[in-house]
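Can you keep this structure in mind? I'll have questions shortly.
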2 protein chains.
Amino acid sequence: MNIDIRMAHLFSTLNDDQVRQVMESSHVGTFKDGESLFETGDEANRFFLVIGGQIKLFRVSSNGDQKIIDIIQPGNTFAEALMFMEHPIYPVSAEALGPAKVISFDSRRFLQILSESFEVCFRIMGTMSQRLRGLIKEIDDLTLQSATTRLCAMLLRRMEEVGQNHFTLPAAKGVLAARLSMKPETFSRILQNLSTKKILKTKGNEIEVVDCDLLRSLAHLESIYGLEPEQPCVLNKELKIALK
Amino acid sequence: MNIDIRMAHLFSTLNDDQVRQVMESSHVGTFKDGESLFETGDEANRFFLVIGGQIKLFRVSSNGDQKIIDIIQPGNTFAEALMFMEHPIYPVSAEALGPAKVISFDSRRFLQILSESFEVCFRIMGTMSQRLRGLIKEIDDLTLQSATTRLCAMLLRRMEEVGQNHFTLPAAKGVLAARLSMKPETFSRILQNLSTKKILKTKGNEIEVVDCDLLRSLAHLESIYGLEPEQPCVLNKELKIALK
DNA sequence: TTTACTGTTTGACGGATATCAAGTGTTTTT
DNA sequence: AAAAACACTTGATATCCGTCAAACAGTAAA
């Protein structure tokens with residue numbers, strides 16, 4: 001098997017020798033749907049690169065349901081930030097979403113390489129910086145918005161990603177619901193509501209957005225860059241009516 | 001004015017020459033209560049060290065209310081992660097909570113120093129790593145927990161911080177409410193409820209915890225390390241009854 | 001095909017929290 | 001000291017969302 005780990009941003013500036021060093025400590029793992037990579041609280045001396053499938057990062061609450069923190073796509077690394085902690089411990093659990101393939105690396109070994117290359121250092125700092133930004137956005141979504149808003153924002157993001165007003169949901173509805181911190185029932189009801197209001201059409205996991213503008217308003221998508229975070233968005237009241 | 005910026009973790013390993021370099025680009029600012037340091041979306045080519053008072057980091061939603069992301073205490077730096085982004089833009093707004101004093105530094109200048117010292121690099125990566133962990137914890141609190149749980153956890157944290165079952169709230173109740181993502185009314189009602197149940201006594205901003213164990217149960221403080229994130233916590237039902 | 005099994009939908013219901021509105025202090029200003 | 005401003009409390013009401021339970025569909029297994 002020949003995988004060039006340089007496809008990952010984190011490794012992209014490594015030279016051949018460094019790649020060899022990193023690979024020495026690497027370990028390829030294949031996981032079935034639902035299989036666990038590690039659990040919250042486990043000692044964290046390895047980090048990961050997804051090369052196939054998806055990996056779900058989540059936390060479990062005391063009442064048993066889980067909040068999905070992130071879904072890692074192929075080509076991306078995760079848990080690499082832990083290597084800078086004294087007693088590294090995974091703050092989340094990870095398991096495969098469908099069959100998945102990952103490579104894991106020894107953190108200590110990679111730290112050695114880091115301590116030889118400023119370029120790699122800066123790269124990892126960049127990655128962490130982006131991740132921080134992502135989490136702040138996440139908190140935003142969770143607190144300042146309703147379930148409907150969150151779902152609409154997700155649909156809109158997906159739509160722009162695909163470039164079509166007709167697309168397939170990127171995962172099972174139950175999984176998406178968890179990702180958006182709501183129950184499957186709620187997820188279902190909101191979709192049905194949007195359907196009734198002629199904002200979109202659904203058929204299984206196929207979504208067709210009909211009233212794109214209204215959807216956008218419902219999501220009131222201020223980006224993370226917060227272009228006009230102030231203006232109180234006059235639409236709010238009208239929208240409440242629009243949704244009966 | 002003689003401030004040794006080495007009190008900040010981030011700068012702690014700088015030598016005299018490096019400190020001099022950093023200070024060259026620094027700028028001391030004094031802010032009155034509510035005064036703004038920067039807003040969401042502003043270009044971010046400086047980062048900050050709080051040397052007095054508190055700085056509130058927050059985001060404003062379209063309906064006008066704000067979610068407080070963090071309250072930065074003296075001795076701590078913030079916004080330093082942005083310097084690794086191509087087009088650095090503050091993802092949050094910052095303003096003084098009460099009178100405050102901060103030093104700001106030029107990001108580019110600091111990057112130069114970074115590119116000369118692995119030690120400083122590793123230190124900043126450690127800081128970012130901790131911040132990531134903190135944000136994940138934050139998401140946890142926000143999604144997996146009720147308002148009561150969040151408030152209890154906060155009280156408990158404060159109690160352990162002070163080492164006394166009698167302490168003063170670290171900020172105005174309204175501010176704390178925003179920090180915990182709830183309305184001031186809700187905050188007030190929960191405190192009153194805990195009072196009625198003889199769990200604590202309040203007098204203005206003074207809190208005296210009476211039933212420490214019950215408070216702890218209400219907060220069911222699984223730490224971020226998630227020692228037993230699985231076990232469904234038998235207390236839940238009893239506690240519901242305890243709170244009527 | 002029949003039978004499970006799992007994921008999704010639908011309905012009835014309840015509870016937690018936001019909203020709106022008014023009232024009470026407390027601090028600041030004049 | 002009086003007035004104004006602000007922060008907090010309290011009550012009534014609305015609403016969103018979670019819970020529980022049952023029906024339904026699609027898929028895999030027997």
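To find a chain, count down the sequence lines: A is the first, B the second, and so on, and within it residues start at 1.
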Return all side-chain donor-acceptor pairs below 3.5 angstrom for residues 169-179 of chain A, not counting sequence neighbours, or 'none' if the list is empty.
unit_1, atom_1, unit_2, atom_2, d
A:Lys173, NZ, A:Gly204, O, 3.1
A:Arg179, NE, A:Ile68, O, 3.4
A:Arg179, NH2, A:Ile69, O, 2.9
A:Arg179, NH2, A:Glu138, OE1, 2.9
A:Arg179, NH2, A:Glu138, OE2, 3.2

Side-chain N or O of B:Lys183 closer than 4.0 Å to phosphate OP1/OP2 of C:dC20: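 No, B:Lys183 has no side-chain N/O under 4.0 Å of OP1/OP2 on C:dC20.
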
Identify, with sequence neighbours excluded, every residue that meets side-chain contact (heavy atoms from CB on, under 4.5 Å) alongside A:Val162.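 Here the qualifying residues are A:Arg158, A:Gln164, A:Phe167.
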
Set of side-chain hydrogen bond (donor to acceptor under 3.5 Å, both in side chains) partners for A:Glu35, sequence neighbours left out: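 Expected list: none.
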
Taking only residues two or more places apart in sequence or in another chain, which ones pass ring-ring contact (aromatic ring centres under 6.0 Å, His included) with A:Phe78?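 Only A:Phe48 meet the ring-ring contact (aromatic ring centres under 6.0 Å, His included) criterion with A:Phe78.
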
By side-chain hydrogen bond (donor to acceptor under 3.5 Å, both in side chains), which residues pair with A:Ser104, not counting sequence neighbours?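 Only A:Arg46 meet the side-chain hydrogen bond (donor to acceptor under 3.5 Å, both in side chains) criterion with A:Ser104.
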
B:Thr30 meets the side-chain contact (heavy atoms from CB on, under 4.5 Å) criterion, sequence neighbours left out, with B:Lys101

Pull out every residue in residues 184-192 of chain A that has a heavy atom closer than 4.0 Å to any atom of DNA chain C, ordered by number, or say none. A:Glu185, A:Ser188, A:Arg189, A:Gln192

Note the angle between the end axes of the helix from C:dT1-D:dA30 to C:dT30-D:dA1, five pairs defining each, rounded to 10 degrees. 40°

Its contact letters, B for base, S for sugar-phosphate only and - for none at protein heavy atoms under 4.0 Å, make nucleotides 24-30 of chain D read -------

For B:Ser188, side-chain contact (heavy atoms from CB on, under 4.5 Å) partners two or more places apart: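 Expected list: none.
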
Just the rounded figure in Å: distance from C1' of C:dA16 to CG of B:Asn193.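 In whole Å, C:dA16 C1' lies 12 Å from B:Asn193 CG.
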
Take the protein atom CE of B:Met182 and the nucleotide atom P of C:dA16, then report the distance between them rounded to whole Å.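 Whole-Å distance recorded here is 14 Å.
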
Who are the salt bridge (charged side-chain N to carboxylate O under 4.0 Å, His left out) partners of A:Arg150, not counting sequence neighbours? none

Test ring-ring contact (aromatic ring centres under 6.0 Å, His included) applied to A:Phe31 - qualifying residues, sequence neighbours left out: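 Expected list: none.
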
Between atom NZ in B:Lys173 and atom P in C:dG25, what is the gap in whole Å?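 Whole-Å distance recorded here is 14 Å.
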
Rounded off to whole Å, could you give me the CG-to-C1' distance for the B:Leu151 and D:dC8 pair? 15 Å

Show your working on side chain to side chain contact (heavy atoms under 4.5 Å, CB included) between B:Val60 and B:Thr40 and close with a plain yes or no. CA-CA 9 Å; B:Val60 179; B:Thr40 307; over 6 Å; no

Within a reach of under 6.0 Å around NE2 of A:His166, are more than 12 heavy atoms found that belong to other residues, nucleotides or ligands?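 It does: A:His166 NE2 has more than 12 such atoms within range.
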
Take atom CG of B:Leu176 and atom P of D:dA7, then tell me their distance rounded to the nearest Å.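 Those two atoms, CG and P, are 13 Å apart.
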
Between D:dC6 atom C1' and B:Asp33 atom CG, what is the distance in whole Å? 12 Å

Starting from P on C:dT27, measure out to CG on B:Asn205 and report it in whole angstrom. 10 Å

